Amino acid sequence: MLRTVLAGFKARPLRLLLSAVAVTLGVTFVAGSFVLTDSVGAGLRDAVAFETRGVDASITAKRGVLDDSTLAKARQVPGVAAAEGRATVSAPVIGPGGRPRDAAATALSADEGLRPYNLAEGRFPRDTGEIAMERNSAEGFALGGPVTVLDETGGRHPLTLVGTFSRPTDAGLGGANLVVSQETVRRLNPAATFGEIVVRAAPGVGQARLAADLKKALGVPAITGKEAATRLLAETAPNTAGLAKFFTGFAVLAMVVAAMVITNSFTILVTQRARELALLRCVGAGKRQLFGSVLAEAAVVGAVASVAGLFGGLGAAAALQAIAGQETVHLPLTARTVVAAVAIGVLVTVFAAAIPAWTATRVAPVEALRKPAGSTRAGRPRVIVAGLLLAAAAGSGTVALRSSVDDGAGLALVAMVALLGATLAAGPLIAGPVVRALGRLVPGRAADLGALNAGRDPKRTAASAAALTIGLAVVALATTMAAGVEAGRSRGLDEQLAADFTVTSVIMTRPLPATLTDTLTTVPGVTATATRWSFSGDLGEYGKFHLTAVSGDLLRPKVLSGRLDRLGPGEIAISKELAGQTGLAVGDTVRSLRVVAVYDAVDAPGVDLGFALVDVTEQGRLDPTGESYDGSVLVKVTDPDGTRPALERALSASPLAKLSSVGEIKEEEAAPLRETLNLMWALTGLAVLIAFAGITNTLSLSVLERTRESALLRALGLTRRGLAGALTAESVFVAVLGAVCGLSVGIAAAWLITEVAAGDGEAIVFAPPWGRLGVLVAAAMVAAPLAALIPARRAMLVSVKDG
């Protein structure tokens with residue numbers, strides 16, 4: 001049997017190669033997804049290591065202040081080679097267009113070993129009139145040119161750009177993008193203190209000893225550089241956990257799609273060899289020998305393809321990171337990734353070959369020689385399974401619509417999985433009618449033959465379309481949900497904001513001038529203005545909350561109960577979050593303020609309403625300190641485009657003021673969502689690629705299986721182009737089947753999740769992006785003929801004499 005297996009490799013190189021390609025693509029997606037998951041942590045560790053490089057000890061103070069005197073004392077401690085204070089201050093930059101950009105500045109470390117940045121161009125600042133910028137932030141500025149930085153009062157500080165620097169992606173660490181001298185930091189914020197003092201040890205001094213000496217000498221907490229890195233990593237890791245879960249979810253999707261493609265490929269391969277296996281039975285091979293030979297062949301194919309797929313996954317992960325614009329590409333290869341690649345490549349391949357191999361051994365040799373083994377029709381058990389899954393989907397979906405958001409979300413997920421399972425189970429039942437209907441819609445002999453080929457083996461057709469169904473279901477769900485969230489926020493902002501512009505401060509803690517509202521009111525074309533101030537308000541027995549004081553009626557959040565035409569003295573409107581936490585309702589009283597409404601608001605720059613809304617006259621009573629932050633002025637005009645230049649001129653005397661239109665606010669809010677969606681499209685695109693590779697593999701194996709049939713058709717007058725056209729039509733029909741099923745499942749699941757979320761007043765609506773989904777379907781229709789290109793060319797090579 002060993003010689004038989006080796007002879008089989010030699011005799012069927014093409015068929016095994018096609019199966020190996022399917023395995024390789026599947027492993028590539030799995031490995032690539034896991035590498036991307038691990039790259040999130042690797043990027044964070046790289047950023048933390050860069051931030052703490054050269055640091056042997058770190059001094060922080062939860063209580064008290066780290067100032068110049070503390071730094072001077074630290075430098076006098078024995079064993080200290082260098083010590084630097086790190087202070088970061090807000091320092092908006094006037095962009096090339098004349099308006100402020102958010103930025104932060106830090107002082108240049110005198111000790112080069114303690115600088116968490118590398119010089120890219122030019123040099124670092126040497127005096128108070130110079131500045132270096134992070135190279136991405138320096139876009140639009142020229143070396144040697146002027147850069148105007150604003151201090152916390154709005155004062156302008158003209159500096160000269162002398163260099164740019166680089167660092168790894170900060171991965172949420174929030175590093176400063178400006179480097180200036182220590183004196184310039186003091187000018188920008190005279191009250192700035194050090195958030196941390198970092199220390200480099202002298203040669204021969206250990207980190208533990210240095211930290212202990214610093215703590216004893218200064219009386220403030222001091223930890224080793226290694227402990228500082230660990231603490232920073234722990235503080236930042238939760239921010240990246242969501243992205244890691246995102247990639248892990250796609251790794252699971254990759255396993256499912258890859259397993260389906262591999263199983264389908266080997267099912268076809270072993271079924272085609274039924275006559276050969278039966279012949280081996282006739283010459284004396286036992287069932288166990290036969291079964292073992294097939295598994296051995298599958299294991300070898302899976303092992304070789306796993307290695308290729310593992311390296312392919314590394315390449316795919318590198319390409320996706322480069323496409324996403326990451327400057328540093330991380331390719332961590334962990335034991336988990338290797339094990340997953342081997343498991344999906346070898347175990348799934350062996351399992352895929354085991355099922356048809358076991359079926360082949362159950363058929364009598366003579367019967368197998370007389371008639372090809374393998375069933376092509378769906379049986380009654382499949383109908384029962386599909387019906388049960390469909391009933392489970394309908395039941396869980398109905399219960400989800402009547403449940404709370406927390407419970408309904410889980411039930412909605414169960415309904416989606418059940419619906420997808422029902423669709424896949426019913427695939428062989430609907431494949432025949434669907435492809436026959438498509439064949440009747442498309443004129444021509446090629447379409448008739450393609451429909452006939454796809455319809456006579458519905459199990460194979462459904463299996464080929466299944467991977468595409470899963471991939472497109474995920475894309476449709478994600479795209480529709482993202483569009484729903486974006487549309488919901490947009491609609492909520494339109495309902496909440498009756499103004500055309502907002503004016504905010506680029507430094508949140510620095511309020512806008514008190515006279516700014518009066519200044520804007522005098523601008524021609526302005527019909528109404530209103531102010532909004534955030535503050536920490538005392539609600540008595542309920543505690544302190546983030547509240548908002550408003551004037552005018554340009555803010556109109558969605559009212560869930562009560563009325564909110566215009567707030568007056570003695571009235572308060574509360575958010576649904578505050579109502580849930582405190583039990584307050586319309587008609588209740590808190591701090592002598594009567595609750596007149598419960599609202600649901602959209603959070604966006606300049607329009608954040610916090611936990612409650614009061615009239616500006618009540619702010620002083622709820623917060624005697626009178627300290628406000630995150631203020632804004634709302635402006636309504638007759639002609640937004642025509643009035644904007646005049647508003648910009650009116651704001652020229654207030655350099656901290658930032659003018660934003662409603663459209664710009666929407667775009668700012670939607671940008672992160674679109675970035676995530678683009679990444680999701682790229683990852684799911686790999687799943688769709690695997691699906692089309694599965695279609696190519698199926699058609700290629702089908703061409704080898706139907707050699708005699710193709711030769712007979714050629715003898716009856718079918719041209720080579722006609723034969724290739726039939727393969728292309730078959731590929732298109734399979735793609736249409738997968739696309740329709742996938743889009744239907746994805747859109748239905750998105751509708752259910754939207755209804756569940758909207759039942760609690762969430763800012764999300766069901767608004768399928770038909771344009772984007774249409775592009776998806778069009779791409780699938782273009783890819784289908786490409787998937788048939790290789791098998792069609794092979795079919796054209798079939799000669800009449802092969803029949």
Side-chain angles (χ1 to χ4, degrees), residues 492-505 508-509 511-522 526-636 657:
L493 192 60
D494 289 335
E495 294 173 350
Q496 178 173 318
L497 183 60
D500 299 297
F501 295 98
T502 65
V503 181
T504 56
S505 175
M508 182 180 295
T509 57
L512 296 168
T515 59
L516 186 60
T517 303
D518 296 333
T519 301
L520 295 176
T521 302
T522 61
V526 173
T527 59
T529 58
T531 57
R532 181 199 65 87
W533 298 104
S534 295
F535 67 98
S536 179
D538 185 3
L539 295 183
E541 61 181 297
Y542 300 108
K544 289 189 174 183
F545 291 89
H546 166 205
L547 307 183
T548 300
V550 297
S551 67
D553 59 352
L554 296 183
L555 279 174
R556 304 168 184 173
K558 179 181 179 181
V559 178
L560 302 179
S561 61
R563 59 91 190 161
L564 187 57
D565 299 328
R566 182 165 183 166
L567 279 174
E571 297 178 333
I572 184 173
I574 63 175
S575 66
K576 65 176 184 178
E577 291 82 7
L578 183 60
Q581 292 182 28
T582 62
L584 290 170
V586 174
D588 292 341
T589 301
V590 54
R591 290 289 305 272
S592 301
L593 298 175
R594 184 168 58 88
V595 178
V596 297
V598 177
Y599 64 81
D600 181 28
V602 175
D603 293 335
V607 297
D608 180 22
L609 298 187
F611 284 93
L613 200 60
V614 297
D615 185 76
V616 290
T617 58
E618 299 291 349
Q619 180 179 350
R621 187 156 64 88
L622 297 177
D623 180 22
T625 64
E627 295 181 357
S628 301
Y629 58 91
D630 187 27
S632 62
V633 178
L634 313 179
V635 183
K636 187 173 181 60

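Only a predicted model underlies this, so the values are computations on that prediction, with no experimental measurement involved. Start at 1 with the first residue, then count along the sequence.
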How long is the straight-line distance from OG of Ser551 back to CG of Asp615, given to the nearest 0.5 Å?
7.5 Å

Which atom names give the shortest non-hydrogen contact between Thr522 and Thr519, and what distance separates them?
OG1-O, 2.7 Å

In terms of side-chain heavy atoms, does Thr517 have a donor or acceptor partner in Thr529 at a distance below 3.5 Å?
no

Shortest non-hydrogen contact from Pro557 to Asp600?
CB-O, 3.9 Å

Looking only at heavy atoms, which two atoms of Gln619 and Ala549 are closest? And how far apart?
OE1-CB, 3.7 Å

State, with a plain yes or no, whether a side-chain heavy atom of Val590 is found less than 4.5 Å away from one of Asp588.
no

Over all atoms of both residues, closest heavy-atom pair of Leu512 and Gly631
CD1-O, 4.0 Å

Reported OH-to-CG distance for the pair Tyr542 and Leu584, which is rounded to 0.5 angstrom:
4.0 Å

Evaluate the side chain to side chain contact (heavy atoms under 4.5 Å, CB included) criterion for residues Asp608 and His546: first the C-alpha distance (whole Å), next the side-chain angles of each, then the deciding distance (0.1 Å), finally the verdict.
CA-CA 10 Å; Asp608 180 22; His546 166 205; 3.0 Å; yes

Does the side chain of Ser632 come under 3.5 Å of the side chain of Thr504 through a donor N or O and an acceptor N or O?
no

Nearest 0.5 Å please: distance from the CG atom of Leu613 over to the CD1 atom of Ile574.
11.5 Å

If every non-hydrogen atom of Ala573 is compared with every non-hydrogen atom of Leu567, which pair is closest and at what distance?
N-CD2, 4.2 Å

Between Arg556 and Gln496, does a side chain to side chain contact (heavy atoms under 4.5 Å, CB included) hold up when you go through it step by step?
CA-CA 4 Å; Arg556 304 168 184 173; Gln496 178 173 318; 6.0 Å; no

Apply side chain to side chain contact (heavy atoms under 4.5 Å, CB included) to residues Leu593 and Leu539 and explain how you reach the verdict.
CA-CA 10 Å; Leu593 298 175; Leu539 295 183; 5.7 Å; no

dist Phe611:CZ -> Ile572:CD1 (nearest 0.5 Å) comes out at 12.5 Å

In short, Val550 meets Leu555 closest at the heavy-atom pair CG1-CD1, 3.8 Å

Between atom CG of Leu497 and atom CG of Leu554, what is the distance when rounded to the nearest 0.5 Å?
7.5 Å

Using side-chain heavy atoms (C-beta onward) and a distance below 4.5 Å, is Ser575 in contact with Leu609?
no

Might you work through the side chain to side chain contact (heavy atoms under 4.5 Å, CB included) test for Leu622 and Asp538, ending with a clear yes or no?
CA-CA 5 Å; Leu622 297 177; Asp538 185 3; 5.7 Å; no

Can you tell me how far apart NZ (Lys576) and OG (Ser561) are? Round to the nearest 0.5 Å.
12.0 Å

